Protein chains: 4
Amino acid sequence: MSTQESGAARPAGRPRSEKAEKAIIEATLDLIGEGVGVAELSIEAIASRAGVGKTTIYRRWSNKEDLVVDALATMKAPLPPLSGTSVRDDLISLLEAMRSESGQARSRCVMNIVMSEADRHRRITERFMERAVEPRRRAMREVIERGIVTGELRPDLDVDMGMAIISGTMLWHTKWGPAGDLSPELPEQIIDAALAGMAP
Amino acid sequence: MSTQESGAARPAGRPRSEKAEKAIIEATLDLIGEGVGVAELSIEAIASRAGVGKTTIYRRWSNKEDLVVDALATMKAPLPPLSGTSVRDDLISLLEAMRSESGQARSRCVMNIVMSEADRHRRITERFMERAVEPRRRAMREVIERGIVTGELRPDLDVDMGMAIISGTMLWHTKWGPAGDLSPELPEQIIDAALAGMAP
Amino acid sequence: MSTQESGAARPAGRPRSEKAEKAIIEATLDLIGEGVGVAELSIEAIASRAGVGKTTIYRRWSNKEDLVVDALATMKAPLPPLSGTSVRDDLISLLEAMRSESGQARSRCVMNIVMSEADRHRRITERFMERAVEPRRRAMREVIERGIVTGELRPDLDVDMGMAIISGTMLWHTKWGPAGDLSPELPEQIIDAALAGMAP
Amino acid sequence: MSTQESGAARPAGRPRSEKAEKAIIEATLDLIGEGVGVAELSIEAIASRAGVGKTTIYRRWSNKEDLVVDALATMKAPLPPLSGTSVRDDLISLLEAMRSESGQARSRCVMNIVMSEADRHRRITERFMERAVEPRRRAMREVIERGIVTGELRPDLDVDMGMAIISGTMLWHTKWGPAGDLSPELPEQIIDAALAGMAP
DNA sequence: AGATAAGCGAGACGGTACGTCGTGTCTTGCC
DNA sequence: GGCAAGACACGACGTACCGTCTCGCTTATCT
């Protein structure tokens, strides 16, 4: 990596340490992954875990929300490859990606935060949705619309409602389903039940 | 009333004030209703709003979680009267009850807490589910099972999955749907979409 | 102990328990004797040690100061018998009484309180002086005045100043003298030194 | 002074504020000067009056006693200039200094505390004695020893007893004398009475 | 090479809330 | 009506973090 970007006007003085920045983000996600909520998340703990002074954090983010927004935004949505053989298979793949991700502590905690802070810290939710949820949403929409075209799904299907049914049912199981990890058969079961009302 | 209850040993000293207890619970729900999360919820603020000393709170609940558990548990589920004319009507009534409740700030905040604290404060969720969610769940199950008997629903319908679809889709709209209040037509739309896959 | 005093007009209801009263006073003096100052002296501790409810204390004394005043007032000044053979002997007897008393923890603590609360709780001091100090003062004054009459002391002696010298010197040794108990020879030494300036 | 002491390792981080330290000490003495005893002396009140956080106090002194010890230790003994013309004049000067000081509320309260906490908080007394009482004691001893050399005082005089008589008599008047301020003639009267027994 | 300037770890700062304890008052049921 | 027990509103305790502010360095660029 070049130490001299040609185009940008560089401010005087010592440049900010990228290493510190990464350590801070990582420490934040670490703590979140341990189930620490936004409120309990203490800047002091982040600083200490990142081996960094508090000033170094506050110099970059003016408050905790901003930091969390940026930290969560680094979580990307690893879209599964879709075989394209059938709508059913692709939808199952999408749900299976969600299911396996929900098995990881960090992802589950991030999801909790995103959902729980929806009211108090709207920006956290918004930014995260845009970066991490929207791509999946788009993928699911494409699959469904393709299904309508191919005749696998009813032509008068309300796409939004269809997506809501699939995602919502999955969400329901994640939050209220029997404790412990989700069964591997769940995506298939959900899709089959949902398709029953969508097939022509 | 007899001054001498035979069975229970009445403890010595001044009995605990029911008034104080109610004021504390009410103040807690008030603050929660203003969007204060469990973490930001300060015992000092509750005490002050309830016009009560902190000791009076700590005498009853040894920690914040216990208090919140009890406070949320007082939120009862006002089950709507079900006409019983058809499965469709009854399910719409159930969803409509949820929709109108989600319009109230306090209920919405309570729901947020219950969902967000699911990991950190499992007991909050458990107790609330048992007191407030389970009755509705039972009602919905009865409606669906009755529908199977009357032939309004497919005889081989997986009741649990059916409930997950309906509740989950509603939940989805509550959390991720277009901002602002839910449309009054939503319950009807959801039920119609869901029934499409459940009708015989 | 009779439960029925003949003469006094008796108020209705159960008479106050003399036993409780004594226990309270005794507990108070006990605690004071352990070096607990007026401020640290907790009504709760007194009640608990006396095996008495707090109400029983507050029914009799409206505040801590009143209780302490009464408690200290029960400490009497056991004036030593004065041989009367000589002024010197009598003065030594008086100081010796003070010396031996200062060896008892309770007396020493009481003295500390009386002296230290002089400003804050003037009534404590006043009442105690009147009951416990004044009699000794009077005794010493009589000895000195008798000495003037008998010619053992200078006829132009300022009696008040003489008393101040003797008592003050003793007080000084009590508070600032070498740590530990006062030497048995001290009274004699003080009186001899003081009489040097008082003899004719 | 060099800004770079070679030997001492300067601790990292922001140095402690001398201003805060002084404000705390001053607030403590202020409150003591208003007659607040050690027990009633609340750290919260000191912090508030000093415009300082409680932490800033606890960072320096782990308990109230330590703080009071340091606060009282800053009270210096402003020794009066001694003319040296005669033992009598010098002793009167010393007593006069004590008298005028006892007119100031703060000094009087400090004295009360030092005397009353002698048992409970021995360190308060010890440190204060060393810093504030010992210098005066030394001055008085020098005057008296000089008097013995010059022949103004008896050669066989017990110096310690002489000091006890003078200081003790003064102390007596301070505590038990007629209420209100001490008479301006008192020092002269005491010294004359005391010297009567010390002159050759 | 030296001056200038911002970033850095450390940690003190004025605050707020914590959960505990003791205050003086009150409210029970028993005596 | 006295009594013990103990709940009550209140306020100080000593602790933990907050977000801000100095410190003495270090690390860059610009003379």
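A, B, ... follow the sequence lines: proteins, then strands. Residue 1 opens every chain. All of these numbers come straight from a predicted model, not from anything done at the bench.
Applying the side-chain contact (heavy atoms from CB on, under 4.5 Å) criterion to B/Ser48, with sequence neighbours excluded, gives no partner residue. Remark: D/Ala73 engages D/Arg127, D/Arg131 in a side-chain contact (heavy atoms from CB on, under 4.5 Å) (not counting sequence neighbours). Under the salt bridge (charged side-chain N to carboxylate O under 4.0 Å, His left out) criterion, B/Lys64 pairs with no residue at all, not counting sequence neighbours. Shown here are the side-chain contact (heavy atoms from CB on, under 4.5 Å) partners of B/Ala23, two or more places apart in sequence or in another chain: B/Ala50. For B/Glu126, there are no salt bridge (charged side-chain N to carboxylate O under 4.0 Å, His left out) partners, not counting sequence neighbours. Contacts of A/Arg106 classified as side chain to side chain donor-acceptor pair (under 3.5 Å), with partners at least two apart in sequence or in another chain: A/Glu26, A/Asp30. Under the side-chain contact (heavy atoms from CB on, under 4.5 Å) criterion, A/Thr55 pairs with A/Arg59, sequence neighbours left out. Checked against salt bridge (charged side-chain N to carboxylate O under 4.0 Å, His left out), D/Asp66 has the following partners two or more places apart in sequence or in another chain: D/Arg123.
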Summarise protein proximity over nucleotides 21-26 of chain E in one line of letters, 5' to 3': B for base, S for sugar-phosphate only, - for none, counting protein heavy atoms closer than 4.0 Å. BBBBBB
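Distance check: B/Ile32 CD1 to B/Ile46 CD1 gives 7.5 Å after rounding to the nearest 0.5 Å. In this structure, CD in A/Glu65 is found 11.0 Å from CG in A/Asp70, a value given to the nearest 0.5 Å.
Pairs passing the side chain to side chain donor-acceptor pair (under 3.5 Å) check and including a residue from residues 12-23 of chain D, sequence neighbours excluded, read D/Glu21-D/Arg60.
Rounded to whole angstrom, the span from the CD atom of A/Glu18 across to the P atom of E/dG7 amounts to 14 Å. When rounded to the nearest whole Å, the span between CG of D/Leu31 and P of F/dA12 equals 12 Å. As a whole-Å value, the separation of C/Lys19 NZ from F/dC3 P is 11 Å.
The side chain of B/Arg60 lies closest to F/dA7, out of F/dA7, F/dC23, E/dC8. Side-chain proximity of D/Arg16 to the nucleotides F/dG2, E/dC8, E/dA12 is greatest for E/dA12.
DNA chain E lies under 4.0 Å from at least one heavy atom of each of the following residues of residues 46-53 of chain D: D/Gly51, D/Val52, D/Gly53. Annotation: proximity of residues 21-29 of chain A to DNA chain F (heavy atom, distance under 4.0 Å) is found for no residue.
When the side-chain nitrogen and oxygen atoms of D/Arg59 are compared with OP1 and OP2 of E/dC13, one or more of them lie within a distance under 4.0 Å. Close to E/dG14, at under 4.0 Å from its OP1 or OP2, lies a side-chain N or O of D/Thr56.
Nearest-nucleotide positions on DNA chain F place B/Ala12 closer to the 5' end than the other of B/Ala12 and A/Gly13.
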